[in-house]
Engineer: 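Okay, handing you the structure first.
Below, each value reflects all heavy atoms present in this structure, side chains not excepted, and no hydrogens, waters or symmetry copies.
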Amino acid sequence: MKKIKLLSIISFIAIALFSGCKNDSDSENTADPKTTPEPETYVLQSENSCGAYSLAYYLAETGQISVSNIETKAEEIYQKVKFDESAGMGEYSDPVKIVEEILKNDYAKEAEMKMTASSNPTPAESVLTKLASNFGITDYKTFTSVEAGLDKNQYLIEIVVPNPDQDFTSHRIYLHYILTYWKDGKLVTRDPGRGDEVLRSSLEDGTNESYLFCNGGIVITPKTN
């Protein structure tokens, strides 16, 4: 039976709120990059369901569901992965439940939480590392960077700060899920608030959006046929 290598992860994010979910209408990289003729725009998330839609996007990208079935599947997943009411986190997706959903339904070979281990973390990276430290959580995996740590055949349900003007001294940090993966040797993302496939770098430099990257999230290793 697969084990989820996360301890008290709900406590880990108990003071963060995934309400940035908006709708805008160190391993060697050895596997072959994914290629498609022309990426199509995927259906956009409903309110607060960015985590569920990121997982549904992964299922479409790996051929486990059709693109036309993304919305139905995402809404089904969303009802299963929302935070429990007792967590006080509103109608947002719980990363623990996302991992559980992946493993329970055999959507992947592996799924686990990872974050960047940096001696000089950015404020966004510190959102994850400080919360882990505050709650004494030490069993998550680390990598030096998403670029170095994500294999060419892996996917990352990535956590970002959608507001570049976020006040990091606030007790409430607004976060958002997106799907990140390699394609043609470059990191690309699908943001459930946008639906289209764009270069990850365009979300860093503001070409498409201006997001701050926490450089962590749920790393998914697909099954091999």
Engineer: Do Glu125 and Asn215 pass the side-chain hydrogen bond (donor to acceptor under 3.5 Å, both in side chains) test, and can you show the C-alpha distance, the side-chain angles, and the key distance before you say yes or no?
Structural biologist: CA-CA 6 Å; Glu125 290 170 347; Asn215 293 319; 2.7 Å; yes
Engineer: Any side-chain heavy atom of Thr221 within less than 4.5 Å of one from Asp151?
Structural biologist: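 A side-chain contact is absent here, since even the closest heavy-atom pair is not under 4.5 Å.
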Engineer: Looking at Glu101, is its backbone amide N or carbonyl O close enough to the side chain of Asn105 to form a donor-acceptor pair, meaning the two atoms are under 3.5 Å apart?
Structural biologist: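 Yes.
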Engineer: Answer yes or no: is there a donor N or O on one side and an acceptor on the other, between the side chain of Ser145 and the main chain of Ala148, under 3.5 Å?
Structural biologist: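 Side chain of Ser145 to backbone of Ala148: a pair is present.
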Engineer: Is a donor from one side chain sitting under 3.5 angstrom from an acceptor on the other, for Glu61 and Tyr42?
Structural biologist: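 Side chains of Glu61 and Tyr42: pair found under 3.5 Å.
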Engineer: Are the side chains of Leu150 and Val219 in contact, using a 4.5 Å heavy-atom criterion?
Structural biologist: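 Side-chain contact under 4.5 Å: yes.
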Engineer: Does the side-chain hydrogen bond (donor to acceptor under 3.5 Å, both in side chains) test come out yes or no for Thr189 and Asp191, once each step is laid out?
Structural biologist: CA-CA 6 Å; Thr189 71; Asp191 176 353; over 6 Å; no
Engineer: May I ask you to test the Thr116-Pro121 pair for a side-chain heavy-atom distance under 4.5 Å?
Structural biologist: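 Not touching, per the 4.5 Å side-chain cut-off.
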Engineer: In terms of side-chain heavy atoms, does Glu75 have a donor or acceptor partner in Tyr53 at a distance below 3.5 Å?
Structural biologist: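 Checked: Glu75/Tyr53 side chains pair up, N/O donor to acceptor below 3.5 Å.
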Engineer: Taking Tyr177 for the side chain and Gly217 for the main chain, is one N or O donor matched with an acceptor at less than 3.5 Å?
Structural biologist: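 Not a single qualifying donor-acceptor pair exists.
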Engineer: Are the side chains of Met113 and Lys141 in contact, using a 4.5 Å heavy-atom criterion?
Structural biologist: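 Answer no - side chains too far apart.
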Engineer: Would Leu203 and Ile178 count as a side chain to side chain contact (heavy atoms under 4.5 Å, CB included) if you check the C-alpha gap in whole Å, the side-chain angles of each, and the deciding distance to 0.1 Å?
Structural biologist: CA-CA 11 Å; Leu203 301 180; Ile178 60 176; 4.2 Å; yes
Engineer: Flag the pair Ile157 / Leu179 as yes when at least one side-chain heavy-atom distance between them is below 4.5 Å, and no otherwise.
Structural biologist: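 The answer is yes; the side chains approach within 4.5 Å.
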Engineer: Tyr181 versus Leu187: any side-chain heavy-atom pair under 4.5 Å?
Structural biologist: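 In short, these two side chains do not touch, never coming nearer than 4.5 Å.
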Engineer: If I take atom CG from residue Leu59 and atom OH from residue Tyr155, how far apart are they, to the nearest 0.5 angstrom?
Structural biologist: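 With rounding to 0.5 Å, CG (Leu59) is 10.5 Å from OH (Tyr155).
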Engineer: Do we see a donor-acceptor contact under 3.5 Å between the side chains of Gln45 and Tyr57?
Structural biologist: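 Short answer, no.
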Engineer: Roughly how far, to the nearest 0.5 Å, is CD of Glu158 from OG1 of Thr180?
Structural biologist: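 The OG1 atom of Thr180 sits 3.5 Å away from the CD atom of Glu158.
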Engineer: Would you say that more than 12 heavy atoms from the other residues, nucleotides or ligands in this model lie under 6.0 Å from the NZ of Lys186, or not?
Structural biologist: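 Open.
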Engineer: Using a strict cut-off of less than 4.0 Å between a Lys/Arg side-chain nitrogen and an Asp/Glu carboxylate oxygen, indicate whether Asp94 and Lys82 qualify as a salt bridge.
Structural biologist: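 No salt bridge links Asp94 with Lys82.
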Engineer: Side chain to side chain contact (heavy atoms under 4.5 Å, CB included), that's the test. Do Ile102 and Leu55 meet it? Break it down for me.
Structural biologist: CA-CA 8 Å; Ile102 293 169; Leu55 177 51; 3.7 Å; yes
Engineer: For a 4.5 angstrom cut-off between non-hydrogen side-chain atoms, does Ile218 reach Tyr58?
Structural biologist: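 In short, these two side chains do not touch, never coming nearer than 4.5 Å.
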Engineer: Take Asp106 and Lys223, measure what salt bridge (charged side-chain N to carboxylate O under 4.0 Å, His left out) needs, and give me the verdict at the end.
Structural biologist: CA-CA 8 Å; Asp106 204 27; Lys223 296 176 294 183; 3.7 Å; yes
Engineer: Are Lys183 and Glu197 side-chain neighbours, meaning at least one heavy-atom pair lies under 4.5 Å?
Structural biologist: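 In contact.
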Engineer: Please identify each residue that fulfils side-chain hydrogen bond (donor to acceptor under 3.5 Å, both in side chains) with Ser202, with sequence neighbours left out.
Structural biologist: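 Partners of Ser202 under the side-chain hydrogen bond (donor to acceptor under 3.5 Å, both in side chains) test: Asn208.
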Engineer: Look up atom NZ in Lys109 and atom CD in Gln154, then write down how far apart they are to the nearest 0.5 Å.
Structural biologist: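 It comes to 10.0 Å.
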Engineer: To the nearest 0.5 Å, tell me how far Asn153 CG sits from Ile220 CD1.
Structural biologist: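 If we round to the nearest 0.5 Å, Asn153:CG and Ile220:CD1 are 12.0 Å apart.
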Engineer: Looking at Glu147 and Arg200, is any side-chain nitrogen of the basic one under 4.0 Å from a carboxylate oxygen of the acidic one?
Structural biologist: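 Salt bridge: yes.
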Engineer: With a 4.0 Å cut-off, would you call Lys97 and Glu100 a salt bridge?
Structural biologist: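 No, no charged N to carboxylate O under 4.0 Å.
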Engineer: Within this structure, what is the NZ-CZ distance for the pair Lys114 and Phe143, rounded to the nearest 0.5 Å?
Structural biologist: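 Here the interatomic distance stands at 6.5 Å.
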Engineer: If I take atom CD1 from residue Ile98 and atom OG from residue Ser93, how far apart are they, to the nearest 0.5 angstrom?
Structural biologist: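 The OG atom of Ser93 is 5.0 Å from CD1 of Ile98, to the nearest 0.5 Å.
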Engineer: Would you please indicate if the ring centroids of Phe83 and Tyr92 are separated by under 6.0 Å?
Structural biologist: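 Ring centres of Tyr92 and Phe83 not closer than 6.0 Å.
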Engineer: Just checking, is any N or O donor in the side chain of Thr169 or Asp167 under 3.5 Å from an acceptor N or O on the other one?
Structural biologist: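 Yes, because at least one side-chain N or O of Thr169 sits under 3.5 Å from a partner of the opposite role on Asp167.
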Engineer: Indicate if Ile159 and Tyr78 have the same hydrophobic cluster label, given that clusters are the connected sets of ILVMFWY residues with side-chain heavy-atom separations under 4.5 angstrom.
Structural biologist: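 No, Ile159 and Tyr78 fall in different hydrophobic clusters.
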